[in-house]
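Each remark here refers to the structure printed beneath this line.
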There are 2 protein chains.
Amino acid sequence: MGVTKTTHFTDKQNAIATLAKALGHPARVAIVEYLLKVDACICGDIVNELPLAQPTVSQHLKELKNAGLIQGEVEGNTICYCLNEKAFAEIQAFFTNISGSLELKKNNCC
Amino acid sequence: MGVTKTTHFTDKQNAIATLAKALGHPARVAIVEYLLKVDACICGDIVNELPLAQPTVSQHLKELKNAGLIQGEVEGNTICYCLNEKAFAEIQAFFTNISGSLELKKNNCC
DNA sequence: AAGTGATATTGCAATATTACGATAAAGAAA
DNA sequence: TTTCTTTATCGTAATATTGCAATATCACTT
């Protein structure tokens, strides 16, 4: 098939999966790290930073935007993308919660 | 193509992407949440918890294991899988770092 | 040894993802 | 207006993912 049965899971599970999936590619991790490093969000040289062709980078940016991890618009001949604090806070909370529970639990069975 | 150009990215970027990708499916998020909820790691009823057929669940478990998010073995006729604290700590640190930086930066351009 | 219960593997069909060349679109600069 | 620069979209090829039926495996029981 290749189609995900999203309807059978909770909204939160699907939301986390969407965010995680968007970061499930090293190029998109690299884009996020680059946007974090660059102070201003006027950053038209993401393509030069990555070992990928321009259409491929554009496609990865689109996926990050669809997932809600980045936001921004094209302004003239420079893009203005930046990270969406809210989305990162959401996924950060998910992992912090898990790590916190695991630390408490001290599961030493495996 | 469909093949990811992992060689052009840093080890850390690939590592994060691998972990994120493994959680890029609601079923695998559900499995992780279930393993977190269940105290003991003797949990042979993951299949009953999910709206998926047994081979599909087995495949998702395999992917989580390959990514290093869960660990464990089959023992007799019950599986013993549990979450790998180290892997979750790694991805949690990644997101905590990003959220922390974003909060400091107060990027209000987009 | 044969049966039972639980998980893994195989094989396959449907769909999704990744990557890029070619091309389009749209503002900036001449 | 024409040209340049930058980003998006289209089309396409190669590969990956998802899901499940059928079957295999493996430990335990009888």
Side-chain angles (χ1 to χ4, degrees), chain A residues 1-9 13-14 17-31 34-35 41-67 70-82 110, chain B residues 1-9 13-14 17-31 34-35 38 40-67 70-82 110:
Chain A
M1 309 243 166
V3 71
T4 299
K5 284 188 158 184
T6 54
T7 48
H8 297 109
F9 301 97
Q13 285 165 345
N14 281 313
T18 298
L19 292 175
K21 190 176 183 181
L23 286 165
H25 192 291
R28 295 195 286 267
V29 173
I31 289 173
Y34 180 73
L35 287 176
C41 72
I42 298 108
C43 38
D45 44 2
I46 299 177
V47 172
N48 296 328
E49 287 286 315
L50 297 181
L52 295 169
Q54 179 268 324
T56 309
V57 172
S58 186
Q59 195 173 305
H60 282 308
L61 284 167
K62 191 178 173 185
E63 280 177 59
L64 285 171
K65 197 173 179 181
N66 283 342
I70 66 175
Q71 55 195 163
E73 311 289 326
V74 175
E75 291 183 357
N77 46 9
T78 49
I79 36 173
C80 172
Y81 278 140
C82 59
C110 296
Chain B
M1 310 244 166
V3 71
T4 299
K5 284 188 157 182
T6 54
T7 48
H8 298 109
F9 301 98
Q13 285 165 345
N14 281 313
T18 299
L19 292 174
K21 190 176 182 180
L23 286 164
H25 192 293
R28 296 195 286 267
V29 172
I31 289 173
Y34 180 73
L35 287 177
V38 172
C41 73
I42 298 109
C43 38
D45 44 0
I46 299 178
V47 173
N48 296 328
E49 286 287 315
L50 297 181
L52 296 169
Q54 180 268 323
T56 308
V57 172
S58 185
Q59 194 173 307
H60 283 308
L61 285 167
K62 192 178 174 185
E63 280 178 58
L64 285 170
K65 197 174 179 181
N66 283 342
I70 65 175
Q71 56 194 163
E73 311 289 325
V74 176
E75 290 183 358
N77 46 7
T78 50
I79 37 173
C80 173
Y81 278 140
C82 60
C110 297

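Convention: sequence-line order gives letters A, B, ...; per-chain numbering from 1.
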* Would you say dA6(C) has OP1 or OP2 under 4.0 Å from some side-chain N or O of Y81(B)? -> no
* Residues that E63(A) engages under side chain to side chain donor-acceptor pair (under 3.5 Å), provided they are two or more places apart -> R28(A)
* **Pair T56(B)-H60(B), side chain to side chain contact (heavy atoms under 4.5 Å, CB included): steps then yes or no** => CA-CA 6 Å; T56(B) 308; H60(B) 283 308; 3.9 Å; yes
* Once you round it to whole Å, what is the distance between P of dT9(C) and NZ of K65(B)? -> 9 Å
* Structure fact -> Against the side chain of R28(B), the closest entry in dC20(D), dT18(D), dA19(C) is dT18(D)
* Asked: Taking C-beta and beyond as the side chain, do S58(B) and Q54(B) meet within less than 4.5 Å on heavy atoms?
  -> yes
* Structure fact -> All heavy atoms of K65(B) vs all of G72(B), minimum pair found to be NZ-O, 2.9 Å
* Measure from CD1 on I31(B) to P on dT18(D) and round the result to the nearest Å. => 11 Å
* Structure fact -> Residues of residues 57-64 of chain B with a heavy atom under 4.0 Å from any atom of DNA chain D, listed by number, are Q59(B), H60(B), E63(B)
* Which nucleotide in the set dA16(C), dT9(D), dT7(D) lies at the smallest distance from any side-chain heavy atom of P55(A)? -> dT9(D)
* Please tell me if the side chains of F9(B) and L52(A) come closer than 4.5 Å, counting only heavy atoms from C-beta onward. => yes
* **Rounded distance (Å) that lies between atom P of dG5(C) and atom CG of N48(B)** => 14 Å
* Structure fact -> Of the candidates dA8(D), dG19(D), dC20(C), the side chain of Q54(A) sits closest to dA8(D)
* How would you label the contact of K21(B) with the nucleic acid (heavy atoms, under 4.0 Å): base, sugar-phosphate, or nothing? -> sugar-phosphate
* Could you give the NE2-to-C1' distance, from H8(B) to dC20(C), as a whole number of Å? -> 14 Å
* **Side-chain touch P55(A)/Q59(A), heavy atoms, less than 4.5 angstrom** => no
* Asked: Is it true that a side-chain atom of T18(B) and a backbone atom of N14(B) form a donor plus acceptor pair closer than 3.5 Å?
  -> yes
* Structure fact -> Separation of dA16(D) atom P from H25(B) atom NE2, nearest Å, is 18 Å
* Asked: Is the distance from OP1 or OP2 of dT18(C) to the nearest side-chain N or O of T56(A) less than 4.0 Å?
  -> no
* CD1 of I46(B) versus C1' of dA8(C): gap in Å, rounded? -> 14 Å
